[in-house]
Amino acid sequence: MHPYMSQATPVARQPLTAEFTDPDQVRHHFVEIQAVLFDLDGTLVDSDPAIHRHTVRWAHRHALDPDTVVRVSQGRRDIDFIRELVPHADAEAELAWFDEVSVADSGDVAPAPGARRLLADLPAGSWAVVTSATRPVAYSRLAAAGLPVPELLVCAGDVAQGKPSPQGYLAAARRFDADPARCLVIEDSEVGLLAARAAGMPALAVAGPRTPVHGRRIEDLDALRVISGR
């Protein structure tokens, strides 16, 4: 058990209101939010070019079709698609390869539009990151993007099942001692949105299809404001 899992993280003193503008420039809001739970890659950090490079390299390493591997891996833990695509390989060794490459090659990882402003505006103890990345990779990408490490960071190794399982999001809600229905998930991938839906949490989809599999769509984090109170 990681240290952060040992006790609950306090929720924000004031309930939060999330206000957002949809692609049609219509304003909406969620009220009485206790915590905001962010995905990392594609949501808080722009790491798509780096992830694509690493995934294509790994596909070539195993003589797999790169387009298929990229599609299958979207939003999932590396260990899960490794086990699916190369079931006879040493999965832990392959995961270590991914971690080494990902940490070493993060020079073009950048904050997603609006991420720095949004995190700076959020009250302490009101937000977490729930990611399919391993802990070393998550730290590396947050550092490369110049974003703060949250008080609560739920990574790939902290759950038995990755997204679309709701385990990660439900674990974050428990640490906040928060009602899942009052935790707002911000995601970019379909598997992440499915995880939020399975957890019973409202969600905002960053970019992606105009009608996401769960929640409402925003163009980017610049379309979102979170304030204390109602």
Side-chain angles (χ1 to χ4, degrees), residues 11-12 14-49 51-52 70-71 74-76 109-123 126-133 141-142 145-148 150 152 154 163-166 168-170 172-173 176 178-230:
V11 298
Q14 295 282 338
L16 305 172
T17 296
E19 300 178 342
F20 66 96
T21 304
D22 70 19
D24 294 321
Q25 300 304 305
V26 177
R27 296 287 293 173
H28 306 267
H29 62 271
F30 297 101
V31 297
E32 300 291 332
I33 296 297
Q34 291 180 316
V36 183
L37 310 180
F38 294 94
D39 175 50
L40 181 61
D41 294 298
T43 300
L44 282 179
V45 301
D46 180 5
S47 53
D48 287 353
I51 291 175
H52 189 271
V70 169
R71 175 178 53 79
Q74 181 67 36
R76 299 175 65 192
V109 173
R116 286 179 176 161
R117 184 268 313 160
L118 181 58
L119 295 184
D121 288 348
L122 282 166
S126 69
W127 64 281
V129 169
V130 180
T131 177
S132 295
R141 289 181 181 153
L142 286 166
L147 297 178
L152 181 58
V154 182
K163 300 171 186 178
S165 165
Y169 284 119
L170 290 175
F176 277 118
D179 179 355
R182 295 174 66 187
C183 295
L184 176 62
V185 170
I186 315 297
E187 269 279 1
D188 75 306
S189 71
E190 183 171 293
V191 294
L193 293 169
L194 290 173
R197 185 173 71 183
M201 298 178 179
L204 290 177
V206 180
R210 188 169 182 84
T211 303
V213 67
H214 174 57
R216 293 180 178 271
R217 181 181 183 273
I218 56 176
E219 294 287 357
D220 55 38
L221 298 181
D222 278 325
L224 174 64
R225 297 288 186 277
V226 179
I227 58 175
S228 295
R230 301 182 62 176

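In this structure, the side chains of Arg225 and Thr21 stay at 4.5 Å or more apart for every pair of heavy atoms. Looking only at side-chain heavy atoms (C-beta outward), Asp46 and Pro111 stay at 4.5 Å or farther from each other. Contact annotation: the side chain of Leu147 approaches that of Arg116 to within less than 4.5 Å [non-hydrogen atoms, C-beta and beyond]. Residues Val185 and Arg197 form no side-chain contact, since every pair of their non-hydrogen atoms from C-beta on lies 4.5 Å or further apart. In this structure the side chain of Thr43 never reaches within 4.5 angstrom of the side chain of Val129, judged on heavy atoms. Inter-residue side-chain proximity for Pro180 and Leu170 is flagged as met; some heavy-atom pair is nearer than 4.5 Å. Using a 4.5 Å cut-off on side-chain heavy atoms (C-beta onward), Phe38 and Leu119 make contact. Side chains of Val226 and Phe30 form no contact here, defined as non-hydrogen atoms less than 4.5 Å apart.
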* Asked: Can you list the steps and then say if Arg141 with Ile51 is a side chain to side chain contact (heavy atoms under 4.5 Å, CB included)?
  -> CA-CA 11 Å; Arg141 289 181 181 153; Ile51 291 175; 3.6 Å; yes
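Judged by distance alone, with hydrogens and angles left aside, the side-chain atoms of Gln34 form a donor-acceptor pair with the main-chain N or O of Asp179 at under 3.5 Å. Side chain of His214 to main chain of Met201: a donor-acceptor pair is present (N/O by atom type, distance under 3.5 Å, no hydrogens or angles). Distance alone, capped at 3.5 Å, is enough to place a donor-acceptor pair between the Ser132 side chain and the Gly75 backbone. Judged by distance alone, the side chain of Arg182 and the main-chain N or O of Glu32 form a donor-acceptor pair under 3.5 Å.
Using a 4.0 Å cut-off between a side-chain N of Lys or Arg and a carboxylate O of Asp or Glu, Asp24 and Arg210 qualify as a salt bridge.
Among all heavy-atom pairs drawn from Val130 and Gly168, the shortest one is CG1-C, 3.7 Å. Closest approach of Ala18 and Leu184 over heavy atoms only: CB-CD2, 3.6 Å. Nearest heavy atoms, Val191 versus Lys163: O-CB, 3.9 Å. When all heavy atoms of Glu19 and Ile227 are compared, the closest pair comes out as OE2-CD1, 4.0 Å. Across all their heavy atoms, Leu142 and Pro150 have their closest contact at CD1-CD, 4.0 Å. For the residue pair Tyr169 and Ala199, the shortest heavy atom distance occurs at CB-CB, 4.2 Å.
More than 12 heavy atoms of other residues, nucleotides or ligands sit less than 6.0 Å from atom NE2 of His28.
A side chain to side chain contact (heavy atoms under 4.5 Å, CB included) with Ile186 holds for exactly one of Leu118, Leu221, Leu44; it is Leu221. Exactly one of Val36, Leu37, Ile33 qualifies for a side chain to side chain contact (heavy atoms under 4.5 Å, CB included) with Cys183. That residue is Leu37.
The distance from atom CG of Leu16 to atom NE2 of His29, rounded to the nearest 0.5 Å, is 13.5 Å. In this structure, CD on Gln74 lies 10.5 Å from NE2 on His52, to the nearest 0.5 angstrom. Between atom CD1 of residue Ile218 and atom CG of residue Asp188 there is a gap of 11.0 Å, rounded to the nearest 0.5 Å.
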